[in-house]
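Since the model is a prediction, treat every value here as computed from it, not as a measurement.
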Amino acid sequence: MRRRIGFEFVYQAFALVIALIVVHSFYVAIVRPEAAIAIQEERLRIQEDPAYVPDRSIYVVVRDFEQEACFILMLWALAILGLKSVTTWRERKLLDLDLISVEAETKILPEDARVYARQVQALPAEVQGYLLPRCLLAALQRFGATHNIHDVSATTQAICEKEGERLESELSMIRYLAWAIPSIGFIGTVRGIGRALALAYQAVEGDITGVTESLGIAFNSTFVALLLSLVLMFLVHQLQLMQERLVLDAEGYCDQRLIQHLAVRPPT
């Protein structure tokens, strides 16, 4: 578990650096040069035809620093979501396997628990750290120690509940990013409106170019941030649904494949 946590920390740090490099390079090489060209062309056309209504370029919409920061956080969140989705998918694949070979009519006695536990312990170390093997191993060890089927059921339920809480807590970083993205968009809104107010004297003199560009910063940053936040929250809820199903299915697997086969010898 500690190795897994250490790997996730390194992965997240590395993913942030990569997202920062990729997005900033794309902005420097493509977005901002294209946006400058589009703005210049619109100004020339407006000078030639005052009735001309410019078509807003996508490069102009996303060109500011707030939108760049939103895309960096979005890419970082997608990398974290991808890692957790792959891990959940790998754990779900175990639900299709017979980790404990038990015939339909076979009963597992307390003295047999160690034999069946060896089947789980024979799995690779990484796989043993997944939810289902941990539940099975803990249940067998509990059954061998207490000879009580009710204790086994309570053990598997407790492990699944703790795993659900752990998975829920690990989504806190992604939820923070989903909150931070629209917050950055609102920062752009405040910056754009403040800049527009500072240029209000130009509008009074008849030149509204600076005011309209500043208001464009305000509205574009909010639009992009809210759009990205909607997409990210949808993906977060999909991942949470996968994880909740994993926990429920793992508990059901333990009940059907193990607990129902447990039996205790009647006292003589």
How would you list, by chain and number, every residue that makes a side-chain contact (heavy atoms from CB on, under 4.5 Å) with [X], sequence neighbours excluded?
| X | value |
| --- | --- |
| Phe234 | Gln238 |
| Ala158 | none |
| Ile37 | Glu41 |
| Ser57 | Ala38, Tyr59, Val60 |

query = Residues in salt bridge (charged side-chain N to carboxylate O under 4.0 Å, His left out) with Arg245, at least two apart?
reply =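 If we apply the salt bridge (charged side-chain N to carboxylate O under 4.0 Å, His left out) test to Arg245, skipping adjacent residues, there are no hits.
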
ask   = If you group Ile, Leu, Val, Met, Phe, Trp and Tyr whenever their side-chain heavy atoms sit less than 4.5 Å apart, what else falls in with Val17?
value =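 Ile21, all in the cluster of Val17.
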
Has the side chain of [X] got a donor or acceptor atom that lies under 3.5 Å from a matching backbone atom of [Y]?
| X | Y | result |
| --- | --- | --- |
| Thr156 | Ser153 | yes |
| Glu91 | Leu131 | yes |
| Glu66 | Ile184 | no |
| Ser172 | Ser169 | yes |

message = Show me the pairs that pass salt bridge (charged side-chain N to carboxylate O under 4.0 Å, His left out) and involve residues 20-37, at least two apart or across chains.
response =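 Checked against salt bridge (charged side-chain N to carboxylate O under 4.0 Å, His left out) - neighbours excluded - the pairs reaching residues 20-37 are Arg32-Glu68.
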
Can you give me every donor-acceptor pair (side chain of residues 135-147, partner residue at least two apart or in another chain, under 3.5 Å) with its distance?
from	atom 1	to	atom 2	distance (Å)
Thr146	OG1	Arg142	O	2.8
Thr146	OG1	Asn148	N	3.3
His147	NE2	Gly144	O	3.4

All side-chain hydrogen bond (donor to acceptor under 3.5 Å, both in side chains) counterparts of [X], not counting sequence neighbours:
| X | value |
| --- | --- |
| Thr155 | none |
| Ser229 | none |
| Asp98 | Arg257 |
| Arg114 | none |

Enclosure of Tyr11 OH (heavy-atom neighbours >12, cutoff 6.0 Å) =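 Atom OH in Tyr11 is crowded, with more than 12 foreign heavy atoms closer than 6.0 Å.
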
inquiry  = With a 4.5 Å cut-off on side-chain heavy-atom distances among I, L, V, M, F, W and Y, is there a chain of contacts connecting Phe223 to Leu226?
reply    =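 Shared cluster, no.
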
task = Please answer: with hydrophobic residues joined when any side-chain heavy atoms are less than 4.5 Å apart, are Leu16 and Leu83 in the same cluster?
result =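 No, separate clusters.
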
Basic-acidic side-chain contact under 4.0 Å: Lys162, Glu165 =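 Result for this pair is no, no salt bridge flagged.
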
inquiry  = Checking Leu171 against Gln243 for the side chain to side chain contact (heavy atoms under 4.5 Å, CB included) test, could you report, in this order, the C-alpha distance in whole Å, the side-chain angles of both residues, the deciding distance, and whether it holds?
reply    = CA-CA 11 Å; Leu171 292 178; Gln243 293 177 339; 3.7 Å; yes

request  = Please report the closest heavy-atom contact between Tyr27 and Asp64, naming both atoms and the distance.
outcome  =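 Taking Tyr27 first and Asp64 second, the nearest heavy atoms are CE2-O, 4.1 Å.
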
